[in-house]
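Protein chains get the first letters and strands the later ones, always in sequence-line order, with residue 1 at the start of each.
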Protein chains: 4
Amino acid sequence: MDDTTKKGPKKRERRKEARPDEIIAAAIELWKVRGFAATRLEDVAIGAGVAKGTIYRYFSSKEALFEAAVEARIVRSVDQANQSADLFEGTTEEALLTFFEKVRREMVEGGSFIFLKVLLSEGHRFPELVERYEATVLRRGFDAVRRLLLRGVARGELKSEAAEFDPRLVMAPAMMLSLWGTVFPGVGAPDARQLHKQNVALLLGSLGVE
Amino acid sequence: MDDTTKKGPKKRERRKEARPDEIIAAAIELWKVRGFAATRLEDVAIGAGVAKGTIYRYFSSKEALFEAAVEARIVRSVDQANQSADLFEGTTEEALLTFFEKVRREMVEGGSFIFLKVLLSEGHRFPELVERYEATVLRRGFDAVRRLLLRGVARGELKSEAAEFDPRLVMAPAMMLSLWGTVFPGVGAPDARQLHKQNVALLLGSLGVE
Amino acid sequence: MDDTTKKGPKKRERRKEARPDEIIAAAIELWKVRGFAATRLEDVAIGAGVAKGTIYRYFSSKEALFEAAVEARIVRSVDQANQSADLFEGTTEEALLTFFEKVRREMVEGGSFIFLKVLLSEGHRFPELVERYEATVLRRGFDAVRRLLLRGVARGELKSEAAEFDPRLVMAPAMMLSLWGTVFPGVGAPDARQLHKQNVALLLGSLGVE
Amino acid sequence: MDDTTKKGPKKRERRKEARPDEIIAAAIELWKVRGFAATRLEDVAIGAGVAKGTIYRYFSSKEALFEAAVEARIVRSVDQANQSADLFEGTTEEALLTFFEKVRREMVEGGSFIFLKVLLSEGHRFPELVERYEATVLRRGFDAVRRLLLRGVARGELKSEAAEFDPRLVMAPAMMLSLWGTVFPGVGAPDARQLHKQNVALLLGSLGVE
DNA sequence: CATGAATGAGTGTTCATTCAT
DNA sequence: GATGAATGAACACTCATTCAT
């Protein structure tokens, strides 16, 4: 017990700092398959290779762990979205398609869908988090889309009225399809790319120049 | 034992037959505000003005109550959707707008959003119900939309390619906006009608003739 | 409901009087297979072809029903036992064998084993009934055996010391075997008659003259 | 993770290892007086000086606790019985008397009667346990008796036909008397030793040489 | 700091008993 | 009297959280 301090103190330090992330990663992995409510903190502990009590050293409660997980992933999500929208070089058509694909990948493969699900069904328990998610994920996502539309107008690819188009309508299909796909096997999942293309075509058909 | 086929045995039972519906109504009302998991069966009982045990006379478990509630509401939802699509007399533009409004009203005001939420976050506990919901609500909703698009083509209001357009893309925004609106105050709720109009404009702009 | 008073008032009266017995019979039949605690009063009602509430017209509680069942069967048991012992004409050997067989039949086929089982495991709930059962079933059974032994001495078939032999030792094997047989498939049931014979041989071998 | 194989990890656990036994002991003590069904798990917890939840750390259900209790006591019972039969040095008369006394002590004072009672009245809920009890307690008890009879024949104390005598008939009185004694105050308990003597006399009178 | 045994409030479910019809 | 819908006390079991080691 006390003999472990001999070898390398850095080693332990390093692991210690990684702990919260490992716990969050394990938690998300379990939440993805079992859902938030049905996943016991003990399972998270086992999944992260730590003891139950250890989780409480880093997160004051199950909800706090969830909030921390959202925070940890939100940064990535937002950055991804912004990169797609702002640093993209290609046509608006490609940009939109890439954006939809990013949303899908982040939601489905990255597991972010679990955050949205929990907030949708148990949002009442996380009032601040709901606000924060709305402001940081949704609003920023919408803003990214808006900038993308404006860029399209600026590039002469979209009609000027596209600047007024509500970004929520652009994002909704990609998100709804991702959510459906995680529960309803026959709806949304397999041909996601095809649907995204059709959605882009729809947008360009209506908002595109000529 | 076999003598029960007398005159009118329904008389006395008719009043009692309302009980299950009252319980379901009370349950949905509570689920809407507190969510499914956070609503105790005792609260449902109080809400319905009965004792806890009474619920078990009609529903064998909390999950069975949920399934019964879905069944009870599904019929209405599907009928609504079909009416919108099939019996509608006006233009496709009006038909789409009406359809979106029906979806929104059913989801938000009718409270059907709670079913979707629960299935999204706890679908694992209701495998058959997930299938049933997908087949009865989602698939039929998509079919109604498809028929609506075909009707538009037949009426010469939509390009022939509209017949191939994926109905999921038409429904997704209306559903996603409804879901968002129940949790994120600033997203989706207040100006729903405006968004639906813009969505219809988008569809017609791309799929409409001329 | 009110139209049934037309036909024969005697018919209903007669059935009314039979009700308690029918209920008791149905109860015992269920207790035999499911046990006392695991049998719901509703099952008894269904088995007896009456409504749950009707049981309470005749028996004030589940325990009262049990007590009444014991009383109803006790009379028969005791009479059977007394007949075996007192009215028997044959040898003591035959008398003992007949007696053991009566005990077994009453216990196993008649279902009396359920009374003993309940009193053994839940006797605390029925203090007066325990006393009554002890006095009416056990003690009288012992007395019947004692008289049987005395008769054997008088007939010159048993040594005089048999008059002092404790009847409990005579009865115990027959009862224990019956109890075992109702739960442990391999112990006691199939070859009961053979065991009774061996038990009689044992008794006569030790207590028999010559 | 794999470093747990250090010096003495048993030290800390040894104290905790007593918990299951303490819980079993408390449970049996309560079952003896109140019966199995009527004893709430919370009472067991209080009796063992732990919280309700602690019981579930060691036993997955009330029934599992019962099964564990049977297992824990079965070993002792069987060992006792075997010792009596095999390692005994004295005459068959003494051996039988000692054996009966062991049975009685184990059943009445050791509290094993509660296992038999529960299995008799609620055996349906424990099908495997019934089998196990039959095979481990009853059958082995019978075998011990059989060996005891064979030993008596070998020692020239019993007639050769004693080898064929059914051990169930030897055990039944001791067990039945123990069971009776736990419920019916006037039957069996006080003069148990006297009855055992008479039973031995009966057996030797019939099966004994000369 | 890490551990995991211990805690106990909370809830779904059962079922004997009551009582309006 | 009979019915069976309604009641509500009782209890097994779960799991987030705490804390002695």
- Query: Whom does E/dT14 pair with, Watson-Crick or G-U wobble, provided both distances fall under 3.5 Å?
  - Reply: F/dA9
- Query: Rounding to a whole Å, what distance do you find between B/Ile46:CD1 and F/dA6:P?
  - Reply: 17 Å
- Figure out the CG/C1' separation between C/Asp43 and F/dG4, and round it to whole Å. 15 Å
- Interatomic distance, A/Phe66 CZ vs F/dT17 P [rounded to whole Å]: 15 Å
- Task: Could you check how far CD1 of C/Ile23 sits from P of F/dG1, rounded to whole Å?
- Result: 12 Å
- Task: Sugar-phosphate means primed atoms, P, OP1 and OP2; the rest is base. With that split, encode nucleotides 7-14 of chain F 5' to 3' as B, S or - using protein heavy atoms under 4.0 Å.
- Result: BB-BSSBB
- Query: Is there a Watson-Crick or G-U wobble partner for E/dT21 with both distances under 3.5 Å, and if so, which one is it?
  - Reply: F/dA2
- Query: Atom CZ in C/Arg34, atom CD in D/Glu122: separation rounded to 0.5 Å?
  - Reply: 14.5 Å
- Query: C/Tyr56 ring centre to C/Lys62 NZ or CZ under 6.0 Å, with the angle to the axis within 45°?
  - Reply: no
- Message: What verdict does the side-chain hydrogen bond (donor to acceptor under 3.5 Å, both in side chains) test give for A/Thr182 and A/Lys32, after you've listed the backbone C-alpha separation in whole Å, the side-chain angles of each residue and the deciding distance to 0.1 Å?
- Response: CA-CA 9 Å; A/Thr182 58; A/Lys32 284 205 281 185; over 6 Å; no
- Electrostatic pair B/Glu71:B/Arg132 at N-O distance under 4.0 angstrom: yes
- Query: Does C/Val50 reach the side chain of C/Val44, with side-chain heavy atoms less than 4.5 Å apart?
  - Reply: no
- Take atom CZ of A/Phe59 and atom C1' of F/dA16, then tell me their distance rounded to the nearest Å. 16 Å
- Message: Please confirm whether the ring centroid of A/Phe66 lies under 6.0 Å from the ring centroid of A/Phe126.
- Response: yes
